[in-house]
Amino acid sequence: MDRLTRAQAWYGRLLSLYPAAYRRRFELEMRQTFRDLYLDNQLAPSIFWGSLAFDALGGAIQEQIVLSRSFSMKKFVSFSSSPSALYIGTGLMLPAALFFAIGTGLQIWPPPLLIGQLLQSHLRLMKFALITLPLLAISLNVAALIWRAIPARGRLLSLSFVKNNFLTLALIIVALGWLAVLFGHDTLGCAVQHLPLLHWHGFTQCALNH
Amino acid sequence: MNDNNQPLTPPAFYVLLALSQRERHGYDIMKTVAGDSAGKLRMGPGTLYGLIKRLLAEGLIEESDVRPDPSFDNERRRYYRLTSGGRARLGTELRRFEQAVKRAHQLGVNFRCRGGLWTA
């Protein structure tokens, strides 16, 4: 692949941030203009790409804002695109939240709970509710997101994709935040150190030591 | 929409000025704007096409079927030209500048170019 083709591919990725309707109208022209600009460029690559990225990102944000103004709130939070995973995910999160809230309210356990205490605990129901259900909710919603991302490959980085999957993404973030609070920040270090290498045993030992 | 009382933004003014001479495609507009503004205004494709979209919506410019330079042509290029409304708007803007300069002279403000900078 030569430099021009590579540069055009990179610029194409930047253009994918624009709304679909805008791309349909202007993408070919913008690609052609980029090609002219690239071939005529006399700036250092870092300055050229820096200014180009700034220009493209600024334009994309502006167009996304223009587009979002035309959306109603009903369209913005789109239930129709992801109902089942979302409802099941929320359903899984609710008992966990309830269990945690009641437990904290009755001072059964002090928040934030460390994973070490939890893994050593004999309360199976507590383990199940606090860890397994949120993990299931995350897995289910990530799977649903990937399923919907396959036909939307070109639009993955676009705000419209985020908007259409707003609640699913929100639920994943909430569940991840939940686990982070639950396990405490020390355990997050263990997760970063061991889980990417799939060292589950190392992770458990590290978490127990904390 | 097209409000003649509102001053044009500098990029919009220079784009209309570039198209007042002849039909131009995107890159040609970018180069002309940079030249006309003595390099002060350099637009990237993102800024330019956002502006073109707005000027099209306001009816100040339109797409042109005329392709002035067939030897340098490419079907992906689109050419744009001023509409009569765009020409009128550009005229209004130029008159605004003219009146502002005239008023400054009436007030005794003299502008001189020193080292490439205009100072009063």
Side-chain angles (χ1 to χ4, degrees), chain A residues 4-5 7-70 157-160, chain B residues 1-2 9-12 14-15 18-19 22-81:
Chain A
L4 176 61
T5 314
Q8 285 181 311
W10 275 108
Y11 190 62
R13 288 190 188 109
L14 285 174
L15 289 183
S16 68
L17 297 171
Y18 282 82
Y22 184 91
R23 288 207 312 272
R24 273 196 297 278
R25 172 63 183 81
F26 292 111
E27 184 168 0
L28 284 179
E29 277 181 85
M30 288 177 79
R31 280 176 181 270
Q32 180 61 44
T33 304
F34 167 77
R35 187 188 153 89
D36 293 336
L37 196 63
Y38 185 82
L39 294 174
D40 215 9
N41 174 44
Q42 292 176 351
L43 297 169
S46 56
I47 297 174
F48 174 77
W49 279 106
S51 59
L52 197 77
F54 187 75
D55 172 75
L57 286 175
I61 290 169
Q62 194 175 2
E63 291 305 322
Q64 293 287 359
I65 289 170
V66 169
L67 180 73
S68 66
R69 279 184 191 154
S70 63
L157 288 173
S158 72
L159 279 179
S160 60
Chain B
M1 288 302 288
N2 189 2
T9 59
Y14 279 110
V15 168
L19 293 177
R22 61 179 167 88
E23 290 87 351
R24 293 182 193 276
H25 56 74
Y27 187 57
D28 196 8
I29 296 173
M30 279 167 64
K31 281 198 303 184
T32 309
V33 167
D36 288 349
S37 64
K40 297 275 191 302
L41 193 60
R42 291 184 184 278
M43 285 188 284
T47 310
L48 175 69
Y49 283 95
L51 187 56
I52 285 178
K53 183 189 164 200
R54 188 162 64 78
L55 295 175
L56 283 168
E58 289 181 3
L60 300 179
I61 64 172
E62 63 188 359
E63 260 190 67
S64 169
D65 295 330
V66 179
R67 306 183 85 81
D69 188 0
S71 62
F72 189 59
D73 210 355
N74 179 321
E75 63 179 17
R76 294 207 294 185
R77 290 187 206 282
R78 292 192 193 189
Y79 285 79
Y80 297 95
R81 67 176 168 216

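Because only heavy atoms are used, hydrogens play no part in the values below, and waters and symmetry mates are left out as well, while side chains stay in.
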Engineer: Give the minimum heavy-atom separation between A/Leu37 and B/Pro45, together with the two atoms involved.
Structural biologist: CD2-CD, 3.9 Å
Engineer: Thinking salt bridges, do A/Arg25 and B/Glu63 make one under a 4.0 Å N-O criterion?
Structural biologist: yes
Engineer: What pair of heavy atoms forms the shortest contact from B/Ile52 to A/Phe26, and how long is it?
Structural biologist: CG2-CE2, 4.1 Å
Engineer: Output the distance between atom CE (B/Met30) and atom CG (A/Asp40), rounded to the nearest 0.5 Å.
Structural biologist: 9.5 Å
Engineer: Could you look at A/Phe54 and say if it's the side chain, the backbone, both or neither that has a heavy atom under 4.5 Å from chain B?
Structural biologist: neither
Engineer: Assess whether a salt bridge exists between A/Asp36 and B/Lys31, defined as any Lys/Arg side-chain N lying under 4.0 Å from an Asp/Glu carboxylate O.
Structural biologist: no
Engineer: Which atoms of B/Leu51 come close to chain A, meaning under 4.5 Å heavy atom to heavy atom: side chain ones, backbone ones, both, or neither?
Structural biologist: neither
Engineer: Which region of A/Leu52, side chain (C-beta onward) or backbone (N, CA, C, O), has a non-hydrogen atom less than 4.5 Å from a non-hydrogen atom of chain B, or is it both or neither?
Structural biologist: side chain
Engineer: Among B/Asp28, B/Thr47, B/Ile29, which residue has the highest count of heavy-atom pairs closer than 4.5 Å to chain A?
Structural biologist: B/Thr47
Engineer: Measure A/Glu63 against the heavy atoms of chain B and call it side chain, backbone, both or neither at under 4.5 Å.
Structural biologist: side chain
Engineer: Please report the shortest heavy-atom distance between B/Tyr49 and A/Thr33, naming the atom on each side.
Structural biologist: OH-OG1, 2.8 Å
